[in-house]
Protein chains: 2
Amino acid sequence: MAKRRTNPDYLNGVPELLVLRLLEQRPMYGYELVQEIVRSTGERLEFGEGCIYPLLHRLESEGTLTAKRQQVGGRERVVYRVTRKGKGKLAEAAAQWMRVAEAVTLVLHGGNNEQRQPAIA
Amino acid sequence: MAKRRTNPDYLNGVPELLVLRLLEQRPMYGYELVQEIVRSTGERLEFGEGCIYPLLHRLESEGTLTAKRQQVGGRERVVYRVTRKGKGKLAEAAAQWMRVAEAVTLVLHGGNNEQRQPAIA
DNA sequence: CCTCCATGCCTCAGAGTTACAGGTATTTGA
DNA sequence: TCAAATACCTGTAACTCTGAGGCATGGAGG
């Protein structure tokens, strides 16, 4: 019955891709990112803090992001920014996403292509 | 260094989606499916037998597929077919894929949409 | 004749990511 | 005064794919 508790379909790697892309547009802090993901996907996707925070920590330790602590009205925020290395990683991730999306679209909408064999000439 | 051994990005659930879609077009056996996935995705994706066989067994036990054994030239093949229930599942899976793909595309290509608040009037 | 490769089925351990529930602390509004 | 929003954090469980391996038959080439 229960749909699927963990590892929902098609979302593997998506949080990382979205975080990198959104942070490339402007620096943000974790709590803000969680909400911005909901907003920017038109409410199609939502990732909890339990997904985003560990991800941010991992990306920072990899050198993909840098973190800067800020005090705002008595509250602390950790603002993240994409490094040069992170931009390279984003480009690769986006390319890989496109590759997968093309593949799936081919099969879903592409009907039954005949087997191509380009011939040597 | 090593790219990523397991859990490649964006592929979670994709084998199931492709298997259902390809079997909807025509019944196939496991070994054939492994090759057909490579072909029909234009060599963009490839899933090993260690992924496909357990998946077929699971889908059969769920009632999504039916299996029929055939003897062909001394070799045995297990040919799978999508059940009515499986077609429903495929429709749901495809819809869910579209939802995710739209969300990611929105963020990747959609630039920086301003926050919409449709206003009650 | 014998060997290698393709066919065709199968299983298992390992790796990696997300979900969910829970924890802490401050500020704001009712 | 109390609840909710803000803002950070962690750990466990769950799930799927990878890669390597095993078994057996048939056909092609030396």
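Basis for what follows: all heavy atoms, side chains included, without hydrogens, waters or symmetry-related copies. Residue numbering restarts at 1 for every chain, and letters A, B, ... go by the order of the sequence lines.
- Proximity of a side-chain donor or acceptor of B/R77 to a complementary backbone N or O of B/Q70 within less than 3.5 Å is not detected.
- Relative ring orientation between B/Y10 and A/W97 is described as perpendicular, the plane-to-plane angle rising above 60° on a 0-90° scale split at 30° and 60°.
- Of all nucleotides listed (C/dA6, D/dT16, D/dC17), D/dT16 comes nearest to the side chain of B/R58.
- Between the P atom of D/dG19 and the CZ atom of B/F47 lies a distance of 12 Å, rounded to the nearest Å.
- Of the side-chain N and O atoms in A/Y31, one or more sit less than 4.0 angstrom from OP1 or OP2 of D/dT6.
- The CD-P distance, from B/E49 to D/dC23, rounds to 16 Å in whole Å.
- Under 4.0 Å is where a charged nitrogen must lie from a carboxylate oxygen, and between A/E60 and A/R81 no such pair does.
- Atoms CD1 (B/I52) and P (D/dC17) sit 8 Å apart, rounded to a whole Å.
- A salt bridge links A/E24 and A/R21; the closest N-O separation between the charged side-chain nitrogens and carboxylate oxygens is under 4.0 Å.
- We find that CG of B/L59 is positioned 10 Å from P of D/dT16, with the value rounded to whole Å.
- Between A/H57 and D/dT10 there is a side-chain N or O to OP1 or OP2 distance below 4.0 Å.
- Distances were taken from every side-chain heavy atom of A/N7 (C-beta onward) to each of D/dT10, C/dT18, C/dT7; the shortest belongs to C/dT18.
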